[in-house]
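Hydrogens, waters and symmetry mates play no part in the numbers below; they use all other heavy atoms, side chains included. Counting begins at 1 with the first residue of the sequence. All values reported here derive from a predicted model rather than from experimental measurement.
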Amino acid sequence: MQLRLSFGKNGAKAASLLRGIPAIVWFGFQSWTGALALNQIAKIMTGGSFNNTAICFLFLQALQILLALKGFKSIKIVATIISTIVMVALVSVFVILVTKHSAVIGTKLVNVHGTWGLTFFGFIMAFLGNYTTIFESAADYARELRPNLSDKHRGLLYFLPITLAYGMTLTTGAMLAAVTGISSPVGAIAKLFNNNGLTLFVSLFIVLGVITTNMVANIMPPTYVLTSLFKIPQKLAMTIVGLLAIGSFPWLLVQASSATGLAIFIRTYSIFLGPMTAIILTEFYLERHQKVNLTALYDEARQKSVQWNAPIALLIGACAALLQVDLSWIIGFVVGGIAYVILNRVHVEERIAAEESLE
């Protein structure tokens with residue numbers, strides 16, 4: 001819906017691939033991380049006789065797809081329960097790190113004099129690129145909210161996950177890596193605790209966290225893309241998404257040697273998501289002043305197939321971002337946004353009248 005405002009009815013379908021493809025890759029990446037944790041659990045419970053991450057991966061993929069096939073209400077219930085468990089476990093790990101390893105954290109993470117150069121800002125851009133994939137899918141989640149929900153409640157629903165859940169995850173992950181020197185949470189936790197009981201508990205919370213993240217952030221967005229593009233049933237689309245995630249070769253992305261490659265992957269799709277985000281925000285706030293006629297927007301006879309200003313601005317922003325890939329998100333965002341504003345003034349495209357608020 002957000003893309004339809006600026007790209008047109010068919011242009012939006014093509015542009016949605018820029019969100020759907022990264023979600024599929026992240027689905028596979030997250031699932032393999034969960035499979036590593038699940039394999040760790042199996043090794044502990046079988047005394048080391050079972051050790052096969054690939055089987056755990058396929059099992060976890062099948063489980064997530066089956067849960068998703070139950071529908072969004074099922075996803076909401078499962079996600080709510082698991083999220084509560086995960087937050088309790090995450091806070092527990094945070095407390096253990098702070099109370100028992102504060103000196104190491106202070107030395108390696110807090111009292112560090114950084115260069116504040118390209119490397120630092122490159123990581124910031126990678127973070128923005130990662131989180132933008134969630135932002136771009138806001139409409140997918142909003143459609144499931146009950147009608148007439150106040151702006152205050154909507155804002156709170158977005159604010160809490162960003163500041164508390166996501167912030168706690170990032171902080172704890174950084175501390176864990178600083179203490180153990182291992183970027184993989186599964187390997188880091190096994191080294192940190194060196195205790196089968198605690199490792200079992202924390203590995204379980206990683207598996208649950210993967211299921212929650214994937215079902216909300218990485219399964220539904222590409223599913224909506226496939227159903228829109230090919231007019232196929234939602235359950236079939238979910239199954240296809242699961243199979244495509246397997247084909248993304250996530251076992252390569254989680255290797256320590258692939259950390260640089262993963263960062264490049266994030267910055268590469270940020271080349272497109274930066275300007276796309278700017279176009280969406282510019283269209284809604286600057287061009288339409290938060291007013292949209294929803295009936296006319298989905299009137300096939302009135303809605304244009306492609307509104308060319310948006311894809312042209314997207315390409316301009318993406319080309320500019322290629323000049324410095326490490327800063328691709330912010331360069332694409334600024335250049336793409338400015339280009340879209342200028343194009344709208346030079347080449348005025350007919351817009352559906354803003355007659356009602358977008359709720």
Side-chain angles (χ1 to χ4, degrees), residues 26 29-30 32-34 36-37 39-41 43-44 83 85-132 134 159-210 213 252-267 270 324-330:
W26 276 117
F29 175 83
Q30 296 275 17
W32 189 264
T33 301
L36 290 171
N39 187 60
Q40 188 74 22
I41 293 171
K43 283 170 60 178
I44 294 173
S83 297
I85 298 172
V86 168
M87 279 305 298
V88 171
L90 199 60
V91 170
S92 301
V93 173
F94 178 84
V95 171
I96 291 172
L97 288 169
V98 170
T99 55
K100 295 187 176 182
H101 302 278
S102 58
V104 177
I105 293 171
T107 301
K108 294 186 176 182
L109 194 62
V110 179
N111 300 318
V112 176
H113 300 288
T115 62
W116 297 92
L118 185 60
T119 301
F120 170 77
F121 288 104
F123 277 110
I124 298 297
M125 293 305 105
F127 164 77
L128 287 173
N130 183 25
Y131 200 82
T132 298
I134 307 297
F159 175 78
L160 289 178
I162 294 173
T163 55
L164 296 182
Y166 206 51
M168 176 63 75
T169 301
L170 288 173
T171 303
T172 305
M175 291 166 58
L176 191 60
V179 171
T180 63
I182 300 174
S183 58
S184 169
V186 179
I189 286 170
K191 179 179 179 180
L192 177 68
F193 295 117
N194 196 24
N195 178 289
N196 284 344
L198 287 174
T199 301
L200 189 70
F201 169 73
V202 179
S203 296
L204 177 61
F205 111 74
I206 291 176
V207 174
L208 295 176
V210 163
T213 302
L252 299 178
L253 291 175
V254 298
Q255 296 177 8
S257 59
S258 300
T260 302
L262 180 61
I264 291 174
F265 165 70
I266 295 173
R267 291 165 190 160
S270 295
Q324 181 51 265
V325 177
D326 286 339
L327 302 176
S328 59
W329 190 92
I330 189 63

Residues two or more places apart in sequence or in another chain: which of them pass side-chain contact (heavy atoms from CB on, under 4.5 Å) with [X]?
X	answer
T169	L90
I85	I81, L208
S328	R267, S270, I271, A321
L327	L118, F121, M125, Q324, I330, I331

Expected list for residues 94-111: side-chain donor-acceptor pairs under 3.5 angstrom, two or more places apart:
unit_1: T99; atom_1: OG1; unit_2: V95; atom_2: O; d: 2.7
unit_1: T99; atom_1: OG1; unit_2: I96; atom_2: O; d: 3.3
unit_1: T107; atom_1: OG1; unit_2: A103; atom_2: O; d: 3.0
unit_1: N111; atom_1: ND2; unit_2: G106; atom_2: O; d: 3.2

Quiz item: Which residues pass the side-chain hydrogen bond (donor to acceptor under 3.5 Å, both in side chains) test with T132, sequence neighbours left out?
Solution: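 Partners of T132 by the side-chain hydrogen bond (donor to acceptor under 3.5 Å, both in side chains) criterion, ordered by chain and then number, come out as W329.
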Roughly how far, to the nearest 0.5 Å, is [atom2] of [Y] from [atom1] of [X]?
X	Y	atom1	atom2	value
L170	M175	CG	CE	12.5 Å
Q40	N196	CD	CG	8.0 Å
I206	F201	CD1	CZ	11.0 Å
I41	L36	CD1	CG	11.5 Å

Quiz item: Which pair of heavy atoms, one from I182 and one from K191, lies closest together, and at what distance?
Solution: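 Here I182 and K191 meet closest at CD1-CD, 3.7 Å.
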Self-check item: Any F205 side-chain heavy atom under 4.5 Å of V88 side chain
Solution: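 A side-chain contact under 4.5 Å is absent here.
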